[in-house]
Amino acid sequence: MTAKPAKPALPGESSRRTFLRRTVVGAGLTAAAGVGVGSVAASAADTGSGSVAFHGDRQAAIVRRPPAQSVVASFDVVADNKAELADLFKQITERARFLTAGGAPAALGITAPPADSGVLGPVVPAGNLGVVLGVGSSLFDERYGLAAVKPKKLKPMTMFPNDDLDAAQCHGDLSLTLSADNTDTVLHALRDITRATRGGMQLRWKINGFSSQPRPSGTPRNLMGFKDGIANPTEAEYDKLVWLGDGSGEPAWTKGGTYQVVRLIRMLVEFWDRVSLTEQENMFGRRRDTGAPLDGADEQDVPKYADDPIGTVIPLTSHIRKANPRKPETDSSRILRRAVNYDRGVDTNGNLDMGLIFTCYQQDLERQFEAVQKRLVDEPLVDYISPFGGGYFLALPGVIGPDDHYGRVLLA
């Protein structure tokens, strides 16, 4: 067995590792790997709770509301050259195509390692698994000759005032977001993909997340008890706010992609739980029970800022008012939010380590996410949160058919 490659000292540092071609796992692909969108190799009864379309111009899992369980992971690429990088993208594609469709892994014989870990049983269920793959700015260094086609706005994640970033939990050459109905589905997918790509990329950081059930209805809540992600763009607005396309000024290969921001935000819940409800609601600008703005009755009500210019009802410092002032000049800075919660147990000081995996998608990092973040600097909530990790990535265009793979046009 080939030894596990050592982690590069820096995310952009050239690595002289031999790229292992995992023929054993590749042989485990079934005919399901080439089937059409939404198809499965086994019956619906065998493959679980539905499947997410894998083929398409765009990655379908980006726009759906996150299901119950997810994993967000970042990888350092250790492939030796551009050809091996292409092989890496092909392997990720083959495994993601199979896992999102489901099916029976191939039998490889009694002397070979099994083609699958078996944690989901003899037939892999589709399990509503969604996959989103992104590329970080460090992938466009000198290693693979991609500098000329680097996305125009892609860069390392900015550190903002009040951040407490841990370098070991930031950035990366690739981002991989897996989401499904059940924990074992996402962990199985992560193990499957990392095994198939062992010589091409190495895990840099990962975090498990979960999406709460709507309680009692509507938008799910974060671990501060407030509904999170109410004011998102509509599907009709995606072309002007989310997707990259013609006229964006970006390299042609990015069409159908979108910029992804991942922010790992710890919530200091022990302190938050000692704050009065009125003060909590004033910090958010929303009612905790209904999610409605403080001047409304329903979570989808639009705040009437024009009727409250000095912030008598919804404070000028509230999170919703600073994040989205609802003015013509800030309309183009709106983002598509896809946040989930996390719980990592207890830290060394005996405090609960839990919070938010904030993920959002947009056309322009500076015009959208960073503009919002700058408006939020020194908001009252900063005393109760601590951003510690994450990164900026370009979520790749979709895989358009059975003969396509992630990054094909990028690497052409």
Side-chain angles (χ1 to χ4, degrees), residues 157-165 218-234 237 240-241 261 263 265-339 355-356 358-388 390:
M157 184 174 67
T158 299
M159 176 181 282
F160 294 95
N162 308 306
D163 285 0
D164 186 21
L165 300 183
T219 304
R221 298 176 186 272
N222 61 35
L223 295 180
M224 287 179 160
F226 283 76
K227 296 187 175 187
D228 198 294
I230 294 171
N232 263 324
T234 65
E237 296 175 303
K240 74 173 185 178
L241 293 172
V261 173
R263 292 267 287 178
I265 304 173
R266 184 171 179 179
M267 294 176 169
L268 309 179
V269 293
E270 288 96 341
F271 298 100
W272 179 254
D273 291 344
R274 299 188 184 108
V275 177
S276 73
L277 179 59
T278 298
E279 188 176 352
Q280 289 182 0
E281 291 182 334
N282 283 335
M283 279 191 260
F284 272 101
R286 291 188 180 274
R287 291 275 304 274
R288 193 178 72 174
D289 55 356
T290 64
L294 294 179
D295 61 1
D298 182 81
E299 67 174 73
Q300 295 300 331
D301 288 346
V302 177
K304 304 177 184 68
Y305 296 148
D307 296 338
D308 183 26
I310 62 172
T312 302
V313 181
I314 302 179
L316 300 180
T317 58
S318 67
H319 182 80
I320 65 167
R321 195 158 188 164
K322 292 175 78 70
N324 183 7
R326 297 179 184 270
K327 297 178 179 179
E329 59 269 29
T330 62
D331 185 70
S332 65
S333 67
R334 289 181 295 140
I335 54 180
L336 177 64
R337 300 167 65 195
R338 288 292 181 255
L356 195 70
F358 177 89
T359 303
C360 67
Y361 297 93
Q362 56 266 292
Q363 289 178 339
D364 188 316
L365 292 167
E366 294 182 2
R367 187 191 88 209
Q368 294 172 267
F369 170 74
E370 292 197 351
V372 172
Q373 198 62 32
K374 288 174 182 177
R375 292 197 293 265
L376 291 172
V377 169
D378 290 333
E379 65 167 325
L381 274 175
V382 299
D383 290 335
Y384 304 95
I385 61 175
S386 181
F388 63 89

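The first residue of the sequence shown is numbered 1, and numbering continues consecutively from there.
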Could you go through R288 and Q280, starting from their C-alpha distance and side-chain angles, then the distance that decides it, and tell me whether this counts as side-chain contact (heavy atoms from CB on, under 4.5 Å)? CA-CA 8 Å; R288 193 178 72 174; Q280 289 182 0; 3.6 Å; yes

Using 4.0 Å as the upper bound for N to carboxylate O, is an ion pair formed by E299 and K227? yes

If I compare all heavy atoms of T158 with all of R263, which pair ends up nearest, and what's the gap? O-NH1, 4.2 Å

Between N162 and P387, the two heavy atoms sitting closest are O-CD, 3.8 Å

Are any non-hydrogen side-chain atoms of I320 and P303 less than 4.5 angstrom apart? yes

Any residue meeting salt bridge (Lys or Arg N to Asp or Glu O under 4.0 Å) with K322, in chain and number order, not counting sequence neighbours: none

Is there a donor-acceptor pair closer than 3.5 Å between any side-chain N or O of W272 and the backbone N or O of M267? no

Parallel, tilted or perpendicular: rings of F226 and F284 (30°, 60°): parallel

Take F369 and Y361 through the side-chain contact (heavy atoms from CB on, under 4.5 Å) test and state the conclusion after the steps. CA-CA 9 Å; F369 170 74; Y361 297 93; over 6 Å; no

Starting at OG1 of T219, measure out to CD1 of I230 and round the result to the nearest 0.5 Å. 5.0 Å

The single option from R286, R337, R221, R338 that satisfies salt bridge (Lys or Arg N to Asp or Glu O under 4.0 Å) with D228 is R337

Donor on one side chain, acceptor on other, T234 and E237, under 3.5 Å: yes

Can a donor-acceptor pair be found, under 3.5 Å and without considering hydrogens, that links the side chain of D163 to the backbone of L165? no

Hey, mind stepping through Q368 and L241 against side-chain contact (heavy atoms from CB on, under 4.5 Å) and telling me if it holds? CA-CA 9 Å; Q368 294 172 267; L241 293 172; 4.0 Å; yes

Spatial distance of atom CG (L268) from atom CD1 (I265) [nearest 0.5 Å]: 11.5 Å

Nearest non-hydrogen partners of Q362 and V261, listed with the distance: NE2-CG2, 3.6 Å

Taking R266 first and then D164, would you say they form a salt bridge - that is, a charged N and a carboxylate O separated by under 4.0 Å? no

Sequence neighbours excluded, the answer for salt bridge (Lys or Arg N to Asp or Glu O under 4.0 Å) partners of D331 is K240, R334

Quick one: pull up CG in D301 and CG in D295 and give me the separation to the nearest 0.5 Å. 8.0 Å

Separation between CG of L294 and OG1 of T312, rounded to the nearest 0.5 Å: 12.0 Å

Between N282 and G285 (side chain of the first, backbone of the second, donor and acceptor by atom type, cut-off under 3.5 Å), is there such a pair? no

Between R321 and D308, is the closest basic N to carboxylate O distance under 4.0 Å? yes

In terms of heavy-atom contacts, Y305 and P325 come closest through CD1-O, 3.3 Å

To the closest 0.5 Å, what do you measure between CD (E366) and CD (Q373)? 13.5 Å

In this structure, CZ of R367 is separated from CD of Q363 (nearest 0.5 Å) by 5.0 Å

Steps toward side-chain contact (heavy atoms from CB on, under 4.5 Å) verdict (F160, E370): CA-CA 9 Å; F160 294 95; E370 292 197 351; 3.9 Å; yes

Could I get the full list of salt bridge (Lys or Arg N to Asp or Glu O under 4.0 Å) partners for E379, not counting sequence neighbours? none

Between S333 and R375, do the side chains contain an N or O donor and an N or O acceptor separated by less than 3.5 Å? yes

